[in-house]
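Notes for the one structure printed next.
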Amino acid sequence: MDIHEYQAKEIFIKAGLPVPPGDVATTPAEAETLAKELGGRVVVKAQVHTGGRGKAGGVKLASSPEEARGHAEAILGMSINGLTVQKVLITPAEDISSEAYVGVLIDRKKQSATFMVSPEGGVDIEAVAETNPDAILRVPVDPRYGLLPHQAYRMATFLYEDPKLVKQATRVMHQLYTAFSDNSCSLAEINPLIVTPEGDVKAIDAKVSIDDNALPALPEVAAYRDTDAEPPSETKAREAALSFVKLDGNVGCCVNGAGLAMATMDLVKYYGGDPANFLDIGGSSNPDKVVAALEIITADPNVKVILFNIFGGITRCDDVANGIVEATKRIDIQTPIYIRLTGTNETEALAILKDAGFSAYTSMDEVVETAVQFAAQA
Amino acid sequence: MDIHEYQAKEIFIKAGLPVPPGDVATTPAEAETLAKELGGRVVVKAQVHTGGRGKAGGVKLASSPEEARGHAEAILGMSINGLTVQKVLITPAEDISSEAYVGVLIDRKKQSATFMVSPEGGVDIEAVAETNPDAILRVPVDPRYGLLPHQAYRMATFLYEDPKLVKQATRVMHQLYTAFSDNSCSLAEINPLIVTPEGDVKAIDAKVSIDDNALPALPEVAAYRDTDAEPPSETKAREAALSFVKLDGNVGCCVNGAGLAMATMDLVKYYGGDPANFLDIGGSSNPDKVVAALEIITADPNVKVILFNIFGGITRCDDVANGIVEATKRIDIQTPIYIRLTGTNETEALAILKDAGFSAYTSMDEVVETAVQFAAQA
Amino acid sequence: MSIFIDTSTRLAVQGITGRDGSFHTQQMVEYGTNVVAGVTPGKGGQSFEAGDRSIPIFNTMDEAVQATGANASVVYVPPAFASGAIMEAADSGVDLVVAITEGIPVQDMTRAYAFVRDRGARLLGPNCPGLISPGKGKVGIIPAQITTEGPVGVVSRSGTLTYEAVHQLTEAGIGQTTCVGIGGDPIIGTNFIDCLEAFTADPDTRAVVMIGEIGGTDEQEAAAWVKANMDIPVVGFIAGQTAPPGRTMGHAGAIISGSAGTAEEKIRVFEENGIAVARRPVDIRDLIKEALGL
Amino acid sequence: MSIFIDTSTRLAVQGITGRDGSFHTQQMVEYGTNVVAGVTPGKGGQSFEAGDRSIPIFNTMDEAVQATGANASVVYVPPAFASGAIMEAADSGVDLVVAITEGIPVQDMTRAYAFVRDRGARLLGPNCPGLISPGKGKVGIIPAQITTEGPVGVVSRSGTLTYEAVHQLTEAGIGQTTCVGIGGDPIIGTNFIDCLEAFTADPDTRAVVMIGEIGGTDEQEAAAWVKANMDIPVVGFIAGQTAPPGRTMGHAGAIISGSAGTAEEKIRVFEENGIAVARRPVDIRDLIKEALGL
């Protein structure tokens, strides 16, 4: 789960990181008040779950509270990468001597949390990785020991020479790791970590993603979820414990298992169609999930046909069949449904569907090709 | 550092352990007030750093606030194992269905923290270990992983069969380990952990020792130190960073290194004398330490002779020599001093002592035998 | 032959009394897997009936191993307790721990996996379907009826997509030595190369199907390993050609970050290293036929 | 020969610019120890002058090892940073870490020692005087002038008591292969048995002096090991016959708890296992003379 910059800053402050003050505003008037309280120059920053805010005009410097109000007026309601800005962060404008990058993420290869630090901060770290890989130091953290003092120190000396900055940066590494561990982050990033002309190290931007699997155990962090910042279909899918990603095509897909779901989308494309979504109804499925899946898919006006592709392992085909039958009783589905079911309890499932007047396929290619053809003609 | 039961309870409460309420009183009137507030029957418990309180009459049950006042009157000022009781803990009297023992300590052999649990609680666990070793389960905790859920569960099932009690006890294990780790304990013990007739698991006694080496990093815990509860000579020794243990003999010993200090005491005994103390002036000694050491030793009226035995490694003999010269300038020492110095900077040290009019030995046996003979004649 | 499990496998089921654990224990026993113990804290002393078998239930893995000589375990416990169950299994001395549970917090897994390695056990998963050695036994949830004995090793990051591929092989009369689902989480205990190594050491495996997906670079590393170490043919498939970048496609590990981890890139590296790549799941069957000269 | 260190030892000094670190670096260099690097965070690039040697100082152990090929380190840093320094040393790839620092929190040490073991290095100490191989080199703080080359191995939990014993041996013309102080803390990296094993494997060591003290049962276990594994004579000494129970005698580990760990008990077990026990430090010399037939 991505959280907003202002929320990430709260997490950082709890971990002791040197974060400048600031607060969030939802109206231009609030922005002006906050700017007045902070005094001096401020930055008005759009709070949206997407990169490229700066380029889109979502980050503005204001020399006065009035100017801050004006910027907030322009930024609030702005659409960045399809997401509407509903909050702005007002924070003091810092003078900057140098910018560095510090991030922690889960590294699949090292099977552990790994730091990435670079003296080239304030820019896209992926770009640095491609153009100047030696400017990035990677330090894996052994989960049995956590971040060790000499690792933190080594990263700090990679960023700075001045012992006073090294000392501050060493502390920053430990604090960032604390924030990362205590909040089950999949990513915690400071970009940039700046040095002010006075020689203070400060984290002036904060980016944090939380491991979805950890949210049940972290109610305070889970409360950071901003459903206004995501499409309603994804909110609904999440609440039904479905994995769902909206796409632009017209073939609605409902599959069990992520790999098979992707392969189904790929096959739709292979046969000349366009998938309307990725949707994994998951393991241990129950009929309610299928109902929710159908509601989400049919809410998309682009969808011309619904394609079920179910291969039963932990998911039992009869559950899915019951779900389809149940769903068609509860909601009025005009869109034709093409069903392919095979695997665990396949026989029972086919019987249920037959009783309810559905016809079902057992070949994946056959069902996909037929559905795509129908969508093309519809 | 040993802390009082009521302080240990504070630590336990912070870690979430099920500890009954209660508070500490220094006067009988306070004890009565606290008993009134708690209501019902209470226990009045002497707060001293020694075992055997119960046998000594330092733990009493009171049915009324008035009775609590009376018990407090009797217990406050009482001497238990040479220590005067200055505080009593007032806590509700719990009905007890069963008593267990749960403790964590540092196990030298396992090189880690180790739990000891036994369904035979409320008694001396050392005695259980000797008479019925099978009634004790030992579970070492890998410092890389901390206490693991299955270890906590296994210990809980060793104590109880009823799943409801097992669940509570599993939680207790985790909480006790948290208390142990967060406070750098060398020992954290619940004896007894009781089950009430209602089926609640509660920690009704708390014993905690803190690793002295960790105190500089734990100011809140260090503040638990109760200097009233230890002899003034030990307070002074600690403040001067000396290791000191008072004994009953008349040969004051001042040695560098714990092993050599013990061997010197043993040699005093071997030659028919009796050591007045163990005193290790430690590594990296400086003259101030020697001054403090002499002040502590000469404050003991039993001491007839002072014996220095210094073998220089990290301690430089010239520092010790300077310290002795300095000390004899600062304080008036009537007791004769026998000095043996050898090792690092021995030549410089002997020169310093010679200049100051001292004579020094280089053989340990010679100096000890001479000092003991002097003490016998004095 | 087979990899990781065989007829000497003595399986303990952790979470045997839960919905999934009980259902799949029935299935495993039916298939002939030697399920010797169940573990559910608080239910020790009870037993689990599966067909004509009565499987004793224990409170802990230690007790299960001591009483039954279990040498492998499969984990069906809920995500909040699963990493603890995995460590418990490794601590009890079993050689193989298969973790089916989905939704285990990733940082819990980094610790649990380090623990399993320290104890010298093999972890498969989590969030995986387990494995099946047709005719010998199965551990996990792969539906046995889609498999049959034969010369093909199958390894996959996906669950149901594996079933699809295996099903089509079986329908074409091509059996499997072992089918392994390694799981789609960022932190997994057994990776492609571990399985490829095992298949290479198995004289009965004459071809391998390797099914990958977007995200990470495990497939690329496995492809390089194939080229350097394997003589038998490998057929590949990559799911997620239509997946948009930056979005998690169900599996926590299935996300294209930056330019790395796209299906195109993985397919390119597969082909570069001599792995025939199937465009559709059904093509896997045909490429294997070709590879085996059938 | 010698144990743990020899003329191929290339030593890095952690905390070289501190009071103790600088003093003892001078001493070590004077004695001929090959001190190749110093480490003090923030002082990288400077150098430390010792006699006619100019020893480069580095910010980190990694840099020190890379630049100088150091294969051992000695830790003189203050207690709050010492466990971190020990882990840094082990992580840098040196084989031997000698920790002189006194006062390291015990729970820090349980973690640090686990780390050193994981990295496959040997830790000596902490809170120990280090070791000296007369004529070859010394690591730590044992005063070199009291030692001389010869056939006796010395291992001890104590610092200055060891000097006492070694001094008397040397005065009697009996030299040492290596003198090792293992330290008196509850958690130490190298114990009696580790040293006895090494002495047993050293053909030049023809007798061993083992100096123990009250607390714990390490001496008892070592005694059993001696009986089972050693052919050369071992002379023992135990300090603390006059120590009262339940009081810590300077060393965190020197405390008699319950009936275990008394000097009487240790002396009894020594004698039971064929170890001649000296009653006074000076008797050590005489018993060794006897054992060597001098």
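Chain identifiers are assigned alphabetically (A, B, ...) following the order of the sequence lines, protein sequences preceding nucleic acid strands; residue numbering begins at 1 within each chain.
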| request: Name, in order of residue number, those residues of residues 145-154 of chain B that have a heavy atom at a distance of less than 4.5 Å from a heavy atom in chain C; otherwise write 'none'. | output: Tyr145(B), Leu148(B), Pro149(B), His150(B), Tyr153(B), Arg154(B)
| request: Answer with side chain, backbone, both or neither: which region of Ala85(C) has an atom nearer than 4.5 Å to a non-hydrogen atom of chain B? | output: neither
| note | By residue number, those in residues 100-113 of chain B with heavy atoms under 4.5 Å from heavy atoms of chain C are none
| For Lys136(C), does the NZ atom have more than 12 heavy-atom neighbours from other residues, nucleotides or ligands under 6.0 Å away? | yes
| message | Looking at Phe158(B), I'd like to know if its CZ atom is crowded, meaning that more than 12 non-hydrogen atoms belonging to other residues, nucleotides or ligands lie closer than 6.0 Å. | response | yes
| Is it the backbone or the side chain of Asp142(B) that comes under 4.5 Å from a heavy atom of chain C, or both, or neither? | side chain
| Most chain B-contacting option - heavy-atom pairs closer than 4.5 Å, from Arg111(C), Glu63(C), Lys43(C) | Arg111(C)
| said: Around atom NZ of Lys14(B), are there more than 12 heavy atoms from other residues, nucleotides or ligands closer than 6.0 Å? | reply: yes
